[in-house]
Amino acid sequence: MSLQYIFKRLLYLIITALVVSALVFGITQILPANAATMLLGEYATADALVALEQKLGLDQPAYVQYWRWISGLLQGDLGTSLRSGLPVADTVFQALGRSLLLAAFALIAVVIIAIPLGVIAAVRRGKAADFGVSMISYIGISLPEFVLATLLLVWLTAPDIALFPASGYVPITENFTKGLWHIALPVITLAIVLTAHVMRMVRSEMADALHADYVLAARLRGLSTTTVLIRHALRNSMLPTITVLALDVGYLIGGIIVVEEIFAFPGIGRLLIVSIQERDLPMIQAGALVMAFTYALSNLLADLAYVYLDRRIQYD
Amino acid sequence: MCISIGVFNMTDFMSRLLRQPHGVVGLILLVVLAIEVILGPALAPYDPETFHYSSRLVGPTPEFLLGTDQFGRDILSRLLWGARTTVLLSLFATLIGAGIGGAIGILSGYLGGRIDEVIMRLVDALMAIPSLLFALLIITVLGPSGTNAVVAIGIAFSPGMARIARSVTLSVRTSDYVAAAVARGESPLWIMSREIAPNMLAPVIIEATIRVAFAIMLLATLSFLGLGSQPPAPEWGLMISEARAFMFRNAWTIVWPGLSIAMVAITFNLLGDALRDALNPKND
Amino acid sequence: MGTQTTLTLKNYGVSYGTDKGPLKVLDAINLHIGKGEVLGLVGESGSGKSTLALAIMRALRGRVAHETGQILLGDVALHSLQGPALNRIRGKRIAMVFQDPGGSLNPTLTLGEHFRQTLARHRQLNPSEIRQETDRLLKMVDLPDTQTMALKYPHEVSGGEKQRAVIALAFACDPELILFDEPTSALDATTAVTILDLFRDLQKRTGVSALFISHDLGVVREIAHRVAVIYAGRIAEVAENRQLFAQPRHPYTRSLLASLPKAATDGEQTPLISIPGSLPDRTVAIPGCNFAERCQFATDPCRRGPIELAQDFGHAVACPYWQTVLYQAIGSDENSQMGVRLEISEPPLLSLNNLSVHISRPDLFARLMGRQPKVIHAVNDVDLDLHGGETLGLVGESGCGKSSLAKALVGLRPFLGHLELDGQPIPSVAQMDSSYRQKVQIIFQNPDLSLNPRQSIGTILSRPLKLYPGQDTGAMDDKINRLLQRVNLPPEFATRYPHELSGGEKQRVAIARALAAKPDLIICDEITSGLDASVQASIVNLLRDVQRATGVAYLFITHDLNLLRHIADRVAVMYLGEIVEIRPAHKIGLPPYQPYTEALLSSAPVLDPGLEPRRIRLQGAPASRLGAAKGCPFESRCPRRIDDICLSERPPRIHFDRGHWIQCHLDQRSLRSVPPIWTATPTSLNND
């Protein structure tokens with residue numbers, strides 16, 4: 001893997017960030033009501049509005065405002081929340097940290113469960129195990145997170161059962177067991193949906209790999225079944241799986257938005273929904289940008305990992 | 001849904017589709033769904049918006065087959081009425097996405113060169129925004145409503161569809177039959193419409209089918225978040241959202257709409273996979 | 001060969017389950033391979049030859065409906081082995097080498113790791129022994145730098161090197177038997193011969209037995225002690241190598257040999273004999289001879305059967321009437337007769353001067369960085385005249401630029417330099433008007449890719465008719481019928497779709513489409529390389545018929561030099577984007593030769609047992625084509641390289657007889673001083 005390739009990919013990442021920021025900024029610009037109206041409410045006087053618009057720089061052309069926003073962004077200044085009056089950066093990064101924890105637990109669960117199950121399904125193709133895995137993954141990919149989360153709430157947090165708390169958040173740094181207890185349901189929801197996606201992909205990649213000529217050649221050299229499966233088929237099917245995992249971070253981000261809303265988990269997803277409902281523009285901009293950037297970054301890392309692992313690809 | 005595979009042998013195609021278990025199950029579910037969409041309101045035992053005060057939040061009974069919600073509305077009737085909105089709006093959202101994305105993808109792939117490179121960089125950047133987030137942003141601009149949710153999902157789908165349409169265009173474009181058409185001096189219009197387009201149909205249809213499932217889930221999710229259809233519409237996602245406060249008193253208010261959404265999504269996922277296998281020449 | 005047999009197949013048969021019922025892929029196969037013997041197995045596509053190899057390895061793919069008979073390795077009954085017992089034999093006592101060396105090596109493992117796994121599994125060696133043994137094996141197959149070679153990944157070595165590594169892997173556990181399934185078919189001819197040399201040498205040294213499967217009779221003649229011919233799942237004939245080629249007995253073997261283009265020093269062009277019809281339907285029982293429907297000598301008893309493989313002094317034939325028909329010539333009236341060639345017109349129809357094709361990949365990033373994009377010089381300064389009514393053969397190995405040249409000539413690639421058609425200069429692709437496009441048509445290698453799968457044959461043929469209406473009047477349907485008739489296809493094909501046709505039929509449709517334009521020149525880009533020999537013969541004969549009737553010229557691009565002797569008037573030899581020699585086709589076997597032509601001729605398979613080729617072997621792989629080469633393109637591999645002049649200066653063109661020039665730094669005298677590539681051996685037998 002050449003340095004040049006990494007450099008090129010970083011350049012693309014910057015292009016992506018620019019396009020997304022312009023888009024997010026553009027969308028908030030088209031909004032019928034601007035920040036001044038929102039701050040002062042519908043019944044503000046025209047004079048007060050003009051004065052505030054001047055103070056916030058809203059009377060300047062859009063590109064000037066965009067430039068101010070972007071340059072602030074590069075200095076780590078994401079503006080101030082229109083609602084709370086707190087700096088956006090602090091709120092967003094605190095929320096992001098909590099969401100990343102959620103995502104990390106979900107991804108670990110997925111890797112531990114989905115990859116082995118996918119492999120088993122591919123190896124036992126057409127058998128009961130395969131059928132079972134396929135059924136579960138069809139249901140998993142067809143069940144929206146909000147349905148699953150609500151059903152889990154109904155069954156596991158009902159007053160007479162109360163296996164888990166229905167909502168809230170306790171930092172695990174504060175109280176580890178209590179923290180885990182609170183984080184369990186959101187993680188389970190995300191993990192189930194994601195497992196279904198990843199399992200499906202691993203199964204199909206592994207099935208392809210098992211059909212490859214080099215796997216037949218390895219079998220015909222009399223190598224043991226474990227060697228053939230692990231050293232030959234699995235090794236090659238893991239490469240596309242890495243890409244798939246990165247793409248699934250996209251689902252994960254979508255899932256996080258919904259799941260955090262349902263379990264009232266104070267992460268970045270809930271922050272975004274609340275900001276959208278309250279029309280807190282700087283908060284929407286920052287939240288959306290941070291999420292998109294996380295996704296783009298995970299794709300970049302996956303591609304780099306792929307290139308590093310697959311010696312065939314020589315990018316120039 | 002009409003699967004138009006051009007002049008490709010239709011009976012042969014159907015037999016390939018029916019040879020796979022998921023094709024058979026998918027088709028059966030599709031027929032059930034079609035009946036629900038077409039005849040739903042006629043089959044519904046009650047009006048979906050009539051309140052039955054005396055029987056609120058009851059479980060399944062002979063009178064209310066699937067039970068009632070917090071206002072005593074018949075869940076079965078609401079589901080049957082809602083099928084039309086939910087399914088048609090999802091199809092429509094997918095069509096918008098396939099239309100916009102497909103046009104951009106074909107154009108980009110066909111023109112090639114710098115234009116292609118610029119368009120694809122933009123598409124890549126847009127694809128970095130997860131669909132739900134993209135849809136949320138668009139709704140922020142348009143305001144929450146069922147129609148706006150459809151538009152938002154359609155736009156959010158376009159980059160992905162453009163990606164696929166372009167890659168298919170590129171592979172078809174470099175095929176020898178297109179080379180032969182270029183060499184004999186066919187017009188670009190003929191090449192695009194008669195040589196390339198019919199060969200792109202299959203992969204685009206497969207992708208679109210799978211995306212219908214995704215659209216249904218997204219649409220329901222937006223309604224659930226209060227950003228899609230507004231009460232008292234019998235939209236399935238909205239039904240779950242409205243019933244949440246009462247879920248411990250009657251879990252059926254959550255289970256039935258949830259199951260309905262899942263079944264429709266499963267139908268299109270199964271069909272999409274079956275189509276992919278049936279149209280894959282490797283499976284001969 | 002000795003009395004001990006390594007492998008015995010007794011009455012072996014296998015059927016695959018299909019929608020139409022069980023398909024008999026192999027039927028009553030009786031074969032044996034003696035110790036130290038190489039048995040060649042020859043058959044066309046669909047004959048079941050690869051299935052036989054997989055059956056021996058117990059790795060049949062797909063739905064097996066029935067299996068009958070026995071497969072014995074020594075006294076081990078392979079057909080009943082399973083699981084660990086089978087795994088102890090695979091790789092240790094029987095090894096297999098596949099067609100595509102790239103596919104059979106795991107791309108994520110080093111070459112050394114492949115050896116480590118195999119050696120550790122079957123020979124229980126410790127790590128240092130494994131290293132030594134890997135080194136020894138890689139040296140055995142003449143790979144350079146064995147220490148670093150073991151650390152390389154498959155994609156880092158050339159196709160020939162990969163196949164050497166795969167062969168070394170097959171020999172790793174000193175097996176009794178190696179199965180080769182088309183091991184050289186994916187390689188260029190000059191590389192393939194070096195692999196055959198290597199195996200012949202190793203086989204002599206180790207005394208291993210082998211089953212060598214190929215569609216290519218020439219390759220089998222090179223390598224096998226005995227040869228079995230398989231047709232539609234049954235063995236048609238088995239004989240000692242020399243005997244089979246000198247006196248083939250089964251009508252199928254005789255037809256197959258007659259359909260192949262042959263090497264010869266010079267002389268008249270002979271027609272190729274095609275075999276009419278196609279493989280029988282094997283989902284129904286065939287009581288008699290399965291070749292009867294295509295056999296010109298078949299009578300009623302042939303169809304009634306049963307037919308046995310009868311032994312006659314080690315020469316087995318599955319045809320009871322072979323003796324009666326032995327002296328009747330193969331070939332019937334429908335095969336084209338050689339006629340008088342049309343006069344070749346002056347001045348040239350198409351004229352190329354300093355024509356080059358450069359391919360560069362657009363790269364936004366490279367442009368942003370202000371760097372020049374990499375340019376591949378696919379075709380370099382080609383000068384070529386093509387006359388009306390002639391066939392110019394263009395021969396070269398994969399990647400030599402012959403297809404890029406073809407694409408440039410039909411406006412699919414931009415070109416530099418001068419191009420004239422009928423004296424009219426065509427400065428660039430943009431100037432190729434409708435009249436140029438009508439006069440110059442192209443046929444591609446693979447009809448599966450060149451015929452739009454969504455269009456009926458009628459639609460496909462109607463397009464050129466509509467684009468270039470010409471003087472023809474009459475209904476479109478009639479014109480399409482006439483075109484189909486012209487290429488010997490029935491009129492009802494107009495309503496069919498490409499996937500309903502066989503490979504040969506599809507290529508006929510592609511020819512008809514080219515003919516519909518009434519062109520002056522048809523560029524045929526490897527149009528027979530995907531076809532079986534017997535189908536290739538019928539396509540070649542069709543092209544000749546068309547040429548005699550219409551006076552069309554062909555630029556016939558191929559990698560098969562022997563084929564050109566049957567179809568071309570002149571031959572142009574291309575290497576790394578340059579034409580290094582142009583010579584008349586009928587004197588193709590006679591010196592002087594450009595050194596690359598000489599190597600190519602030496603690598604061409606020879607079927608005639610009376611001919612022996614002089615051995616010239618090329619080392620290494622072609623040089624990179626990035627940027628323009630200053631000297632001779634062949635310099636890096638040339639066995640007759642002089643000195644640095646070959647590297648630094650472009651060689652001059654040396655003219656010999658009329659229409660023969662060679663681009664080389666060697667002088668006329670040294671070019672002439674080599675003996676002919678083929679010499680007749682005294683024991684030559686004459687037949688047919």
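Predicted, not measured: the structure shown is a model, and the values here were computed from it. Only heavy atoms go into these numbers, but all of them, side chains included; no hydrogens, no water, no symmetry mates. Below, chains carry the letters A, B, ... as their sequence lines are ordered, and counting in each starts from 1.
- Looking at C:Met96, the atoms closer than 4.5 Å to chain A (heavy atoms on both sides) all sit in the side chain, from C-beta outward.
- The two residues C:Ser104 and A:Ala217 come nearest to each other via the heavy atoms O-CB, 3.5 Å.
- At a heavy-atom cut-off of under 4.5 Å, chain A is reached by C:Glu113, C:His114, C:Gln117, C:Thr118, C:Arg121, C:His122 from residues 111-123 of chain C, listed in order of number.
- Within the structure, every pair that satisfies the salt bridge (Lys or Arg N to Asp or Glu O under 4.0 Å) test and touches residues 48-58 of chain C, not counting sequence neighbours, is listed here: C:Lys49-C:Glu182, C:Arg58-C:Glu67.
- Considering only heavy atoms from C-beta on, A:His232 comes within 4.5 Å of C:Leu109 through its side chain.
- Contacts of residues 82-91 of chain C with chain A at a heavy-atom distance below 4.5 Å involve C:Asn87, C:Arg90, C:Gly91, listed in sequence order.
- The CG atom of C:Asp100 sits 12.5 Å away from atom OH of A:Tyr214, with the distance rounded to the nearest 0.5 Å.
- Sorted by first and then second residue, the pairs that involve residues 197-206 of chain A and meet salt bridge (Lys or Arg N to Asp or Glu O under 4.0 Å), not counting sequence neighbours, are A:Asp130-A:Arg203, A:Arg200-B:Asp273.
- Note: C:Asn106 CG to A:Arg231 CZ = 9.0 Å, rounded to the nearest 0.5 Å.
- Taking CG of C:Leu169 as the start and CZ of A:Arg221 as the end, the distance is 4.5 Å to the nearest 0.5 Å.
- The two atoms that bring A:Asp213 and C:Arg61 nearest to each other are OD1-NH1, 4.2 Å, heavy atoms only.
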